[in-house]
Amino acid sequence: MPAVTADPYPFPFDPKACALLVIDMQRDFLEPGGFGAALGNDVSHLRRAIEPNRRLLAAWRAAGLPVLHTREGHAPDLADLPAAKHRRAQGDVLRIGDVGPMGRILVQGEPGHALIPELAALPGETVIDKPGKGAFHATGLQASLEQLGVRQLVVTGVTTEICVQSTVREANDRGYDCLVPSDCTASYFPEFHAAALQMIAAQGGILGWVSHSDHLLKTLSDL
Ligand code: C5J
């Protein structure tokens, strides 16, 4: 089995059972005028992860391995939006469902809900719509992975400490091995990004592995 050389120990990469899971690379998080910006965040921090994801996606697709994407968002009637999630924001800001520059914030079918064009899903790739932060909650993700025979996940996307980390925690409890390439994730808060990655890899990989995508690209090119 090839390994991804991640410090301090290698990820036991099994190309027959590993999928790339790209979390929430949506216009609402990465472009001005979306949900992230409405909450007062500087989206440029997240945009650093676009090019590493583009490179990894290209190599992953070339290797013929499965790719899944997620999108955080809610039905137009907001029936799947818990009041607690709706309420939580600081000050007088646009909230989920309000009309912003890219349509209704974090609502399915609106321009801001779409994946950014640089990382759009190809025909045949699974796109999971999720109402929560973790990608397993109230979605068909687990069924899709079981159908594909996937037991390992390379998890990328945004944001490191919210939806990426929530998904890694959910996946870990369901028995999946997870690798997070550090440069393919990002946070509006660089210190949260660093801390979240440390939490995943600490204590001998209590939640999974963290590496740089260069190691993964090398492993993929050697397949
Ligand atoms: C957030 C996410 N941060 N995709 N969503 O609300 O991390």
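Small disclaimer: the values here were computed from a predicted structure and weren't measured. Counting starts at 1 for both ligands and their atoms, following the listed order.
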Mind checking whether [X] and [Y] have parallel, tilted or perpendicular rings, split at 30° and 60°?
| X | Y | answer |
| --- | --- | --- |
| F29 | F35 | perpendicular |
| F13 | W60 | tilted |
| F189 | F192 | tilted |

Examine K133 against ligand 1 and note whether any of their N/O atoms are separated by less than 3.5 Å.
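Yes - when backbone and side-chain N and O of K133 are compared with those of ligand 1, one distance drops under 3.5 Å.
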
Exercise. Working to the nearest 0.5 Å, report the span between CG of L217 and NE2 of H212.
Key: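 Here the rounded value is 9.0 Å.
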
I162 neighbourhood, listing ligand 1 atoms whose heavy-atom distance to it stays under 4.0 Å: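 Checking each atom against I162, I get 1 (C), 3 (N), 7 (O).
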
I need the contact type for V158 against ligand 1. Using non-hydrogen atoms and a strict under-4.0 Å cut-off, is it side chain, backbone, both or neither?
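Only the backbone of V158 comes within reach of ligand 1.
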
Exercise for review: Just let me know how D24 lines up against ligand 1, side chain, backbone, both or neither, with a heavy-atom cut-off below 4.0 Å.
Suggested key: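 Near ligand 1, D24 shows its side chain, while the N, CA, C and O stay back.
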
- Identity and separation of the nearest protein heavy atom to atom 5 (N) of ligand 1: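 For atom 5 (N) of ligand 1, the nearest protein heavy atom comes out as E72 OE1, 3.0 Å.
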
Provide, to 0.1 Å, the distance between atom 2 (C) of ligand 1 and the closest protein heavy atom, together with that atom's residue and name.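 Result: C163 SG, 2.8 Å.
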
Would you find a donor on one side and an acceptor on the other, under 3.5 Å apart, between the side chain of E110 and the backbone of I105?
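Answer holds: no.
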
